[in-house]
Amino acid sequence: MTEIPKAYEPQSVEDKWYDFWLKQGCFTADPARVSDQRPAYSIVIPPPNVTGMLHMGHVLNNTIQDILSRKARMDGKEVLWLPGTDHAGIATQVQVEKALKRDEKKTKHDLGREEFLKRVWTWKDKHGGIIINQLKKLGCSCDWTRERFTMDPEYSRCVQKVFVELYKKGLIYRGKRMVNWCPASQTALSDEEVEMKPQKGFMYHFKVEVAEAPGTWLTIATTRPETIPGDTAVAVNPKDARYAHLIGQHIVRPLPVELPREQKLIPIIGDAHVDFEFGTGVLKVTPAHDKADFDIGTRHKLPVVEVINADGTMNDLAGADLCGLDRFKARKVASERLTELGVLVEEKPYENNVGFSQRADVPIEPRLSEQWFLKYPSVEASTKCVADGQMKFHPDRWAKVYDHWLTNIQDWCISRQLWWGHRIPVWSKQHIGWTSACNSDHAKVWAISATRKEKDFVVYADPELIGPGNTNKPVWIYVAVAPDNSRDSDQANFIKQIEALGFTQDPDVLDTWFSSWLWPFATMGWPEKTSTLKAFYPTTDLVTGPDIIFFWVARMIMAGFEWMGELPFKNVYFTGIIRDKQGRKMSKSLGNSPDPLELIASYSADALRFGIMRSAPLGQDICFDEKNVELGRNFCTKLWNAARFRQMQSTSPLRGEGSESRLGEAVYSTEAEIDAALLSSDDKWILLRLNTAIAEVSTALEEYRFSDATSTLYRFFWSEYCDWYVEASKAVLQGSDEKRKANTLAVIDFVLGHTLRLFHPFMPFITEELWHGMGFNDDLPGKQGGKSIMFAPWPKPLDEDELAHFGILPEDEQAANDKYKAVELGRGLKSTFNINKKVRFVLKPASELPAHEIEVLRILLNAEPLEVDAAFQPKKGTPAALTPLGELFLPLDGLIDVDAEKARVGKEVAKVESELEKVTAKLADTNFTSKVPQKVLDEHQQRKTDWEEKLAKLKVMLDALG
RNA sequence: GCGCGGUUAGCUCAGUGGUAGAGCAUUACCUUGACACGGUAGGGGUCGCAGGUUCGAACCCUGCACCGCGCACCA
C-alpha cells in the first residue's frame with residue numbers, strides 16, 4: 001500500500017486529467033447533439049493577443065467562462081466554448097520590429113514588406129501557442145478543435161467580404177480628415193485608442209503686432225509655440241468688443257524668424273468657437289495640427305500648413321531654428337526664440353489634458369491624412385437591444401455607458417499604416433482628369449468581373465470629380481475586391497487581371513477590431529450556414545472587461561445585427577479590473593502583476609481559480625492579494641483531507657477491485673442507501689444545510705455572483721460540514737453500532753458526492769481526482785458522471801417528497817443548532833478556566849435527551865465524562881453556562897477562583913440587563929407598539945422573554961456562587 | 001463640466017428598514033487518530049460627514065467631503 005499523501009499534490013493530477021479530458025473529447029461540441037432536451041450553450045472567448053502572455057485579467061475572465069461552461073455541461077447542455085487568438089496588429093508588429101532591431105540591427109524597411117511579414121508569421125508560430133497552453137494549465141474547457149485565429153484564411157475572407165459589403169452600401173469611404181496620428185507607431189488610430197492624460201507643461205503668452213495698426217499688440221496664449229510657423233490665422237470671437245474691430249486686419253506671425261515680414265502676415269478672423277473668457281481671448285489657428293483649428297480653417301478657407309512630420313519631428317516649413325527637431329525639443333527652442341524677439345510676455349506652469357496613444361504611450365499628433373472610414377452599421381438595432389433588455393449587461397449600469405457611446409459615435413477610422421493585419425482589399429489607379437482612359441479602365445474592370453461568380457466588388461470614383469471641368473484634377477478609381485467563397489483562385493485571377501491594368505493595392509491594413517468584431521460568427525463558419533452556426537449562434541454569454549466595451553462589445557453587437565440579423569450574445573458579464581494591494585491597475589510596466597503560471601505552480605490551478613473567484617464580487621474591481629490564492633490552496637487541502645477521512649473510516653472494501661486510487665488501494669462503495677430511520681439530528685442538519693448550499697450556489701451562478709457562490713461553498717464545506725458534521729459524526733464512527741456507522745457513511749458519501757459536483761466548475765482538477773479516487777463514478781453511465789464529473793448532473797436540493805422520505809422537517813435544523821450552541825458555551829467555559837485537557841461536564845437537561853445526542857455532545861465538548869443529571873446540585877462556585885439544552889456545569893472541585901467567576905457571570909448579567917433594557921424600552925413606547933407590524937412586535941416580545949429568562953437563570957447562578 | 005462606482009473591524013469585502021457579519025491578520029491555548037495549508041476560544045467597528053424621512057437608518061432621500069473610473073474638453 002502506497003503512503004497516502006497528506007496534502008493534495010496537484011501538478012501530476014492536473015496534467016493527467018487535462019490529457020484525459022482532451023483524449024476523451026470532453027470539450028468538443030457537437031451541433032448534432034443539440035435538441036429540445038439538450039439545449040445549446042455557447043461562449044466565444046475574448047481572443048487574447050496571439051503573442052501575449054497570460055496575466056491575472058485573463059485568469060479572472062477565463063475562470064469565469066470555464067465555470068459557466070462546466071456548469072452548463074452539468075446542466076445537461078451541449079456546450080461550445082470557442083477559443084482563439086487575435087493578431088493584435090500594432091502590438092505584434094512592434095514586438096517583431098523590436099526583435100529585428102535587437103537581433104539583426106535591421107528595420108522592417110530593410111527587409112521589405114513580404115519578408116517582414118514572413119518574420120511575423122514565424123514569430124506567431126513560435127509564440128502564438130504560449131497563451132493557449134497557459135489557458136490549458138488553468139483548466140479551461142475550450143473546444144480546441146475549433147480554435148480560430150483572426151488571420152486564418154477563412155477568417156480573412158470574412159473580413160474582406162464584410163469590407164466590400166459595407167463599401168457597396170456606401171458606409172465605407174475614403175477621406176482626407178484630421179485623424180489621431182501616433183508618431184511612434186506612425187499610424188492613424190481610432191478615437192477609442194486615444195487616452196486623455198493630464199500633462200504638466202506651460203502656458204506661453206506672446207504678443208503679436210497688428211500689421212495695419214503699428215503699435216497695437218495682441219497677446220496670444222498657447223501651450224504649443226512650436227506650431228506657430230503653421231498658424232494661418234488668429235481668431236477672436238466676433239462678439240468680443242475688445243477685438244471685433246480688428247477682424248479683417250492682419251498680424252505678424254513671429255516665427256519662423258527668417259521669413260520676410262510679408263510672408264508672415266496672417267489674417268485676424270472672427271469665429272464663434274473662440275471663448276473670450278479663456279486665455280486672452282485670442283486664438284492662434286493651426287489647421288494642420290489641431291482638430292478644432294482644422295474646423296475653423298475649413299470654415300474660413302484657411303491654408304493648411306504642415307510643420308510637423310509623420311514621425312513627430314519638425315519640417316523645413318517650421319523654419320531653420322526648428323527644422324529637424326523633435327516636437328518637444330522644438331517647443332523649448334520656439335519659446336527661446338520668442339524670448340529673444342522680446343515678444344514672450346509670460347510663461348507659466350500649466351496642466352492640461354493631452355491625448356496619448358494607448359499603444360505607444362506618446363502624445364497623439366492630430367494630423368491631416370487620407371484614411372478609410374466607416375459609418376457604423378445597425379446602430380439603431382444595437383442601441384435598442386440593450387435599452388429594451390433583450391440583451392442584458394451584468395452589472396447593468398454598463399448599459400448606460402454603452403448607450404451614451406453609441407449615441408455619440410463618430411465615423412470609425414479603420415485603416416492603419418501597418419503591415420501586419422488584413423490588407424485593405426482595394427485596388428486603385430490614378431488618372432489626371434476624367435478622361436476617356438478612365439472610362440476605358442472602368443469598362444475593363446467590369447468586363448473582367450463578368451468572369452467572376454460573385455460580383456462582390458465595386459468600381460468607384462469620386463463623383464464630384466467626374467465630368468467636364470475637372471480635367472486637371474487627379475481622379476482615383478477604386479476596386480474593392482471581395483473573396484470568392486468557393487474558389488480562392490478566382491480572386492487571385494481577378495486581382496492579377498486588374499493589376500495588369502495598372503491597379504495597385506492599398507498599402508494599409510485594417511484596424512484589428514475590424515476583424516474581431518466578427519468573432520462570434522466568423523469563428524463558426526460564416527458566411528456558410530454551418531450546423532455550428534445554426535446550433536450555437538447567438539451565443540449565450542460573453543465575459544469580458546468593461547475597458548473594451550466600445551472597442552469590441554459594441555462593435556460585435558452591430559456586426560451581429562448587420563450580418564446575422566440577430567444579436568451575438570444574450571448576456572454580457574463585465575468583470576472587474578484586477579488591481580494590486582495599493583489599488584493600482586496591474587501592468588507590465590509597473591511589474592506588479594504576478595505570473596499566473598507561477599501561482600499555479602506554487603498553489604495549484606484550482607487554488608488560483610477558487611482564490612480569484614472568491615475575491616471577485618460582481619461589478620467591483622478586484623484587489624488582488626496572493627493570500628487569496630493561499631486560501632484557495634488551503635481549501636483544496638481541506639477538501640482532500642475530508643475525503644481522506646471518509647476513506648479511513650471504511651472497513652469493508654467493496655467493488656472496484658484493481659481500480660487505482662491515489663487515496664489508497666481500496667475503493668469503496670458509494671451506493672449505500674440512507675436509512676431514514678437511522679438519521680440523527682446531525683445527519684438531518686447537514687442534509688438541510690446541503691440543501692441550502694445547493695440552492696444558494698445555483699442562484700448565485702444564475703445571477704453571475706461568483707464570489708457569493710464561493711463564499712457559500714466555503715462556509716458550507718469548512719464550517720458546516722467539517723467543523724460540525726464531521727466532528728459530530730465521530731460519535732458514531734468511533735462507536736460500535738455498525739448499522740449506524742454504515743448509515744453515517746452513507747450520509748457522508750451523499751454529501752461528498754454532491755459537494756464535489758458543486759465544486760467542480762470552480763475546482764475542476766481536484767474534484768475530478770476525488771470523484772474517481774473515491775469511486776463516485778462507479779456504476780454511473782458515462783453521460784451521467786461515469787466518465788467524468790463534468791458530465792455528472794448538477795445537484796438539486798432535496799424536494800418535499802425526498803425530505804418527507806427521509807423524515808426531515810425544517811425544524812430539525814434547530815435541534816442540532818441547539819446542541820452546537822451548547823457545545824460552544826461549554827467550550828467557552830473550558831477556555832475561561834484555561835482547561836485544555838479532557839474534563840468532566842455535567843448537564844442538567846431541560847428535557848430528556850437520547851443517548852446518542854449525549855454522546856455527540858461529549859465528543860464535541862471533549863468531555864470525559866459527560867454526566868447527565870436532572871437533579872444535579874452543584875457545589876457552590878461551580879462554573880456553569882445556560883444552554884438551549886439545559887444548564888451545563890464544569891465542576892472543578894474548588895479549583896476555581898470564586899471571585900473571578902462571579903465577575904465573569906456578573907459581566908454577563910450586565911450585558912443581558914442592558915439588552916433587556918433596550919427591548920423593554922421599545923415595547924413600552926406606544927409610538928413603537930402602535931406602528932410596528934405584528935411580526936416585528938412578536939419578535940421583540942420573544943426577545944424580551946428570552947432575555948428575562950436568561951437573566952433570571954444568571955441571577956440564580958450568581959447566587960449559587962455565594 | 002457630465003456620468004458611474006466606492007467609503008462598514010488593522011486589511012479585503014458581505015450586508016436593501018427591525019439584536020453589526022465573513023475571510024485574512026492578531027492574542028491565548030492545543031502537535032487530540034482527516035487536516036498546523038489544522039483545531040478551540042477571544043479581542044477588535046460612534047458603518048466617511050451633516051441634515052432629512054421613519055416608531056426605528058449601515059440600508060431610503062438631500063447636500064458635502066475624499067478615493068477610483070469613464071466621457072467631454074479651453075487655445
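Each chain gets a letter, A, B and so on, in the order the sequences are listed, and its residues count up from 1. Only this structure's heavy atoms are used, side chains among them; waters, hydrogens and symmetry mates stay out.
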Strictly under 4.0 angstrom, non-hydrogen atoms only: write out the protein contact profile of nucleotides 4-9 of chain B, one letter per nucleotide from the 5' end, B, S or -. SSS---
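Whole-Å rounding puts the A/Q734 CD to B/rG33 P distance at 11 Å. In this structure, the CD atom of A/E864 is 13 Å from the C1' atom of B/rU32, given to the nearest Å. Rounded to whole Å, atom P of B/rA41 lies 19 Å from atom NZ of A/K837. A/E9 places its CD atom 15 Å from the P atom of B/rC37, with the value rounded to the nearest Å. Between the CG atom of A/D275 and the C1' atom of B/rG1 there is a distance of 13 Å, rounded to whole Å. In this structure, A/I859 atom CD1 and B/rG39 atom P are separated by 18 Å, rounded to whole Å. Taking atom CG of A/L923 as the reference point, atom P of B/rU19 lies 13 Å away to the nearest angstrom. In this structure, A/E347 places its CD atom 17 Å from P of B/rA75, rounding to the nearest Å.
Taking the side chain of A/E939 as heavy atoms from C-beta on, and the options B/rA34, B/rG68, B/rG18, the nearest nucleotide is B/rG18. In this structure, the nucleotide among B/rA75, B/rG18, B/rA41 sitting nearest to the side chain of A/S831 is B/rA41. In the set B/rA75, B/rC13, B/rG38, the nucleotide with an atom closest to the side chain of A/K638 is B/rG38. Residue A/R827 has its side chain nearest to B/rU40 when only B/rA75, B/rU40, B/rC73 are considered. Each of B/rA34, B/rC35, B/rA22 was ranked by its minimum atom distance to the side chain of A/R614; first place goes to B/rA22. The side chain of A/C623 has B/rU12 as its nearest neighbour among B/rA41, B/rU12, B/rA75.
Counting heavy-atom neighbours within 6.0 Å of A/K911 NZ, excluding the residue itself, gives a total of 12 or less.
Side chains of A/N634 and A/E630: a donor-acceptor N/O pair is absent below 3.5 angstrom, by distance only. A donor-acceptor pair shorter than 3.5 Å can be found between the side chains of A/E193 and A/S190.
No contact: A/M203 has no heavy atom under 4.0 Å from any strand. At a threshold of 4.0 angstrom between heavy atoms, the contacts of A/L631 are confined to the sugar-phosphate backbone, with no base atom among them. A/Y714 comes within 4.0 angstrom of the backbone, heavy atoms only, and of no base. Within the nucleic acid shown, A/D625 has no heavy atom closer than 4.0 Å to any nucleic acid atom. When heavy atoms are screened at a 4.0 angstrom cut-off, A/Y350 is found touching the sugar-phosphate backbone but no base atom. Across all strands, A/N352 comes closer than 4.0 Å only to sugar-phosphate atoms, never to a base (heavy-atom distances). Within the 4.0 angstrom heavy-atom criterion, no nucleotide atom of any strand lies near A/S615.
Listed by chain and residue number, nothing satisfies the ring pair (Phe, Tyr, Trp, His ring centres under 6.0 Å) test with A/F645 (two or more places apart in sequence, or in another chain). A search for side chain to side chain donor-acceptor pair (under 3.5 Å) contacts involving A/N817 returns A/W685, not counting sequence neighbours. By the ring pair (Phe, Tyr, Trp, His ring centres under 6.0 Å) test, A/F624 pairs with no residue at all, sequence neighbours left out. Residues meeting the side chain to side chain donor-acceptor pair (under 3.5 Å) test with A/T222, sequence neighbours left out: none. When the ring pair (Phe, Tyr, Trp, His ring centres under 6.0 Å) test is applied to A/H940, the partners found at least two apart in sequence or on another chain are A/F928. Remark: A/R609 pairs with A/D66 by the side chain to side chain donor-acceptor pair (under 3.5 Å) rule, at least two apart or across chains. A/N237 meets the side chain to side chain donor-acceptor pair (under 3.5 Å) test with no other residue; sequence neighbours excluded.
Interface residues of residues 716-730 of chain A facing RNA chain B, ordered by number: A/W718, A/C722, A/D723, A/V726, A/E727, A/K730; criterion, heavy-atom separation under 4.0 Å.
Classification of the A/Y704-A/H394 ring pair by plane angle, with boundaries at 30° and 60°, yields tilted. Using bins of under 30°, 30° to 60° and over 60° for the plane-to-plane angle, the ring pair A/Y820/A/W724 lands in the parallel bin.
For the pair A/N634 and B/rG38, the criterion of a side-chain N or O lying under 4.0 Å from OP1 or OP2 is met. Taking side-chain N and O atoms only, A/Y402 has no distance below 4.0 Å to OP1 or OP2 of B/rG70.
Each of A/E824 and A/W398 has a nearest nucleotide on RNA chain B; the 5'-most of these lies closest to A/E824. Comparing A/I622 and A/V274 against RNA chain B, the residue whose closest nucleotide sits nearer the 5' end is A/I622.
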Which atom pairs link the protein and nucleotides 26-30 of chain B when you take only N or O atoms and keep those under 3.5 Å?
unit_1 : atom_1 : unit_2 : atom_2 : d
B/rC29 : O2'    : A/N836 : ND2    : 3.1

Any protein N or O atoms within reach of nucleotides 52-58 of chain B? Criterion: under 3.5 Å, listing atom names and distances.
unit_1 : atom_1 : unit_2 : atom_2 : d
B/rC55 : OP1    : A/K931 : NZ     : 2.5
B/rC55 : O4'    : A/N927 : O      : 3.1

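Using the Watson-Crick or G-U wobble rule with both distances under 3.5 Å, B/rU32 pairs with nothing in any strand shown. When both pairing distances are held under 3.5 Å, B/rG45 makes no Watson-Crick or G-U pair with any nucleotide shown. In this structure B/rC13 sits in a base pair with B/rG21, meeting the Watson-Crick or G-U test at under 3.5 Å. Under the Watson-Crick or G-U wobble criterion, with both distances below 3.5 Å, B/rG3 is paired with B/rC69. Pairing of B/rC60, defined by two Watson-Crick or G-U wobble distances under 3.5 Å, is identified with B/rG52.
Aromatic ring centroids of A/F635 and A/F759 lie under 6.0 Å apart.
Comparing the P positions of B/rC47 and B/rA20 gives an interatomic distance of 11 Å, to the nearest angstrom. Only the C1' atoms considered, B/rU7 is 6 Å distant from B/rG48, to the nearest whole Å. Taking atom C1' in both B/rG45 and B/rA28, the straight-line distance is 22 Å, to the nearest Å. Comparing the C1' positions of B/rU46 and B/rA34 gives a spacing of 45 Å, expressed to the nearest Å.
A cation-pi arrangement is present between A/R614 and A/Y714, with the terminal nitrogen or guanidinium carbon under 6.0 Å from the aromatic centre and inside a 45° cone about the axis.
Contact check for A/S615 versus A/D625: no side-chain heavy atoms found under the 4.5 Å cut-off.
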Less than 3.5 Å apart, which donor and acceptor atoms pair up between the side chains of residues 396-406 of chain A and the rest of the protein, not counting sequence neighbours?
unit_1 : atom_1 : unit_2 : atom_2 : d
A/R397 : NH2    : A/G619 : O      : 2.5
A/Y402 : OH     : A/S382 : O      : 2.8
A/W405 : NE1    : A/E192 : OE2    : 3.1

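In this structure a side-chain-to-backbone donor-acceptor pair under 3.5 Å is missing from A/K819 to A/L857.
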